[in-house]
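Ligands are counted one by one from 1 in listed order, and the atoms in each one are counted from 1 as well. Because the structure is predicted, anything quoted here is derived from the model rather than measured. Every heavy atom of this structure was used, including side-chain atoms; hydrogens, water molecules and symmetry mates were not.
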Amino acid sequence: MKILVVGGGGREHAIIKKIRENKTVTDIFALPGNGGIAADAVCIPIAATDIDGIVNFAVENKIDYAVVAPDDPLVLGCVDALEARGIPCFGPRANAAIIEGSKVFSKNLMKKYGIPTAAYEVFDDMDKALRYLESAPLPTVIKADGLALGKGVIIANTREEARDAVLTIMQDKKFGSSGDEIVIEEFLEGPEVSVLSFTDGSVVVPMVSSMDHKRAGDGDTGLNTGGMGTVAPNPYYTEDVAKRCMDEIFLPTIKAMNAEGRQFRGCLYFGLMITRDGPKVIEYNCRFGDPETQVVLPLMESDLLETMQAVTEGRLSELDVKFSKGSACCVIMASKGYPLSYEKGFEISIPEQLRDRVYVAGAKLDGGKLLSSGGRVLGVTELAATLPEAIEKAYADVEKISFANAYYRRDIGKRALEA
Ligand code: AMP
Ligand code: GLY
């Protein structure tokens, strides 16, 4: 089979390595991929948002199955466009990807169907939003409606910060039209859990739970990033919590999307907060998380491609999708300065015996050398019977990988161990 994977980060590298385990796979193309992914797939310089380019490539190269991994092509209708040319895909159509593409949509969906989430108000008028904030309880959370590279959420502790957030989003248009509408919501407290799930619109199969580390600095300090490391499973996701999530959140969400005529097929990511009143939805993503995927897929014992095809064909209930009982830890090595400005272009040295465990996010090939080219450069994942062992092994690997200007958090998994 000829497989196409849209995207070019650490998540896509993890998906590609897992898909390669399927013996029927003959070729994998990554659009655009990256210098590290090039070791496992043929990288084609077509941007993940170039829908026409992706479709033309897929048709010309007789692709048998496509996986659309990032949020923007999903929201732009990449799956719809590929399907229209007869290419089966993993990923939701645009009318279902809106669950991530519009926070106003997802909040209204949750309210309409009684799915637990933070209380909220929606504003399309800046003056009304500012007036509301004069008496809103603090801290408060301000979210741009649309996609904003994971930066459209601002937690304001003071009225001034809240005001600035609204001005940045609605007046300065920092996130463009993504900020035409905003959600202002209640600040929730409790541990966060990420649950990625496979769903074909009739059943939901949660994958092993995970925990992200979003802040740049140790002890969860500093700026928000795309994610500096992950562990799985997440100790806060107990059997009791898992059951409540299935009954109160996962199944109701699938049913709600069906009722709206927006059946979701693909990976639905539940960003949850385990509050004193029970689990609540912080956000939905219409795709695999990054870097959650880099700990979740290595723990998957079932065949990924077969599972994806069952999702596409609506026969997920026939499968018994299995995950290992072990633990995983992924430490992200970034360029110092990320998520602000950073220097790049430094040669990366990865010992041969670690290649299987490294997922490359931001690197390019230049005359046979692998050079850093992004904020998040790579992730190293280790598996072990217990979480402390997985953490220790991952950090031992990090010590053996080097590039100038490298930065990583030293406390990935610490919060989970303290749970
Ligand atoms: P998001 O971009 O939606 O993943 O939000 C980024 C982060 O902001 C989340 O991972 C949470 O840590 C935090 N966050 C979002 N919404 C809330 C909320 N209502 N209460 C507290 N923290 C929140
Ligand atoms: N790690 C969170 C995300 O992928 O959005």
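Scanning the protein for heavy atoms near atom 1 (N) of ligand 2, the closest one is Glu292 OE1, 2.8 Å. Of all protein heavy atoms, the one closest to atom 20 (N) of ligand 1 is Leu188 N, 2.8 Å. Looking only at protein heavy atoms, the nearest one to atom 17 (C) of ligand 1 is Ile282 CD1, 3.6 Å. Summary of contacts: the protein heavy atom closest to atom 5 (O) of ligand 2 is Arg287 NH2, 2.9 Å. Given atom 11 (C) of ligand 1, the protein heavy atom at minimum distance is Glu192 OE2, 3.2 Å.
Surrounding CD of Glu392 are at most 12 heavy atoms belonging to other residues, nucleotides or ligands under 6.0 Å away.
Using a 4.0 Å cut-off between charged nitrogen and carboxylate oxygen, Asp127 and Arg131 do not count as a salt-bridge pair. The pair Asp180-Lys173 counts as a salt bridge, with a side-chain nitrogen and a carboxylate oxygen less than 4.0 angstrom apart. A salt bridge links Asp411 to Arg409: at least one charged side-chain nitrogen sits closer than 4.0 Å to a carboxylate oxygen. Between Asp145 and Lys143, none of the side-chain N atoms (NZ, or NE/NH1/NH2) sits under 4.0 Å from a carboxylate O, so this pair counts as no salt bridge. Ion pair Glu260/Lys112 flagged as a salt bridge, since at least one NZ, NE, NH1 or NH2 atom sits closer than 4.0 Å to an Asp/Glu carboxylate oxygen. Checked for salt-bridge contact, Glu83 and Arg93 meet the test: a charged N lies under 4.0 Å from a carboxylate O.
Close approach of ligand 1 to Glu283 is summarised as follows: ligand atoms under 4.0 Å from at least one heavy atom of the residue are 1 (P), 3 (O), 4 (O). Listed by number with element, the atoms of ligand 1 under 4.0 Å from a non-hydrogen atom of Val153 are 1 (P), 2 (O), 3 (O), 5 (O), 8 (O), 15 (C). Against a heavy-atom cut-off of under 4.0 Å, Lys103 is close to the following atoms of ligand 1: 3 (O). Taking every non-hydrogen atom of Lys214 and a distance limit under 4.0 Å, the qualifying atoms of ligand 1 come out as 4 (O), 10 (O). Every atom of ligand 2 is numbered from 1 in the order shown, and the set under 4.0 Å from a heavy atom of Asp212 is 1 (N), 2 (C). Heavy-atom proximity to Gly289, at under 4.0 Å, picks out these atoms of ligand 2: 4 (O). The distance from ligand 1 to the heavy atoms of Phe187 drops below 4.0 Å at these ligand atoms: 20 (N), 21 (C). Interface atoms of ligand 2 facing Asn285, defined by a heavy-atom separation under 4.0 Å, are 3 (C), 5 (O). Here is the list of ligand 1 atoms found below 4.0 Å of a heavy atom in Glu185: 16 (N), 17 (C), 18 (C), 19 (N). For ligand 2 and Lys214, the ligand atoms under 4.0 Å from any heavy atom of the residue are 2 (C). In summary, the atoms of ligand 2 found under 4.0 Å from a heavy atom of Tyr269, numbered by their order in the structure, are 2 (C). For ligand 1, the atoms sitting less than 4.0 Å from at least one non-hydrogen atom of Lys143 are 15 (C), 16 (N), numbered in the order shown with element in parentheses.
Taking the centre of each ring, Phe57 and Phe29 come in below the 6.0 Å mark.
A tilted orientation is assigned to the rings of Tyr395 and Tyr408, their planes being inclined by 30° to 60°. Taking the six-membered ring for Trp and thresholds of 30 and 60 degrees, Phe288 and Phe198 have ring planes more than 60 degrees apart, a perpendicular arrangement.
No option in Arg415, Lys414, Arg215 other than Arg415 meets the salt bridge (Lys or Arg N to Asp or Glu O under 4.0 Å) test with Asp220.
Remark: distances from the non-hydrogen atoms of Arg11 to ligand 2 are all 4.0 Å or more. The shortest separation from a heavy atom of Gly226 to ligand 2 is under 4.0 Å, placing the residue in contact. Contact analysis leaves Phe288 out of contact with ligand 2, as no non-hydrogen atom separation drops below 4.0 angstrom.
Of the N and O atoms on the side chains of Glu292 and Ser194, at least one donor lies less than 3.5 Å from an acceptor on the other residue. Checking Asp71 against Tyr269 by side-chain atom types alone, no donor-acceptor pair falls below 3.5 Å.
Residue Asp290 has at least one N or O atom closer than 3.5 Å to an N or O atom of ligand 2.
Proximity of Ile155 to ligand 1, defined as any heavy-atom pair under 4.0 Å, is confined to the side chain (atoms from C-beta onward). At a 4.0 Å heavy-atom cut-off, ligand 1 touches Glu186 through the backbone alone.
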> Hey, mind stepping through Leu147 and Glu100 against side chain to side chain contact (heavy atoms under 4.5 Å, CB included) and telling me if it holds?
Replying inline: CA-CA 8 Å; Leu147 297 179; Glu100 172 169 5; 3.9 Å; yes
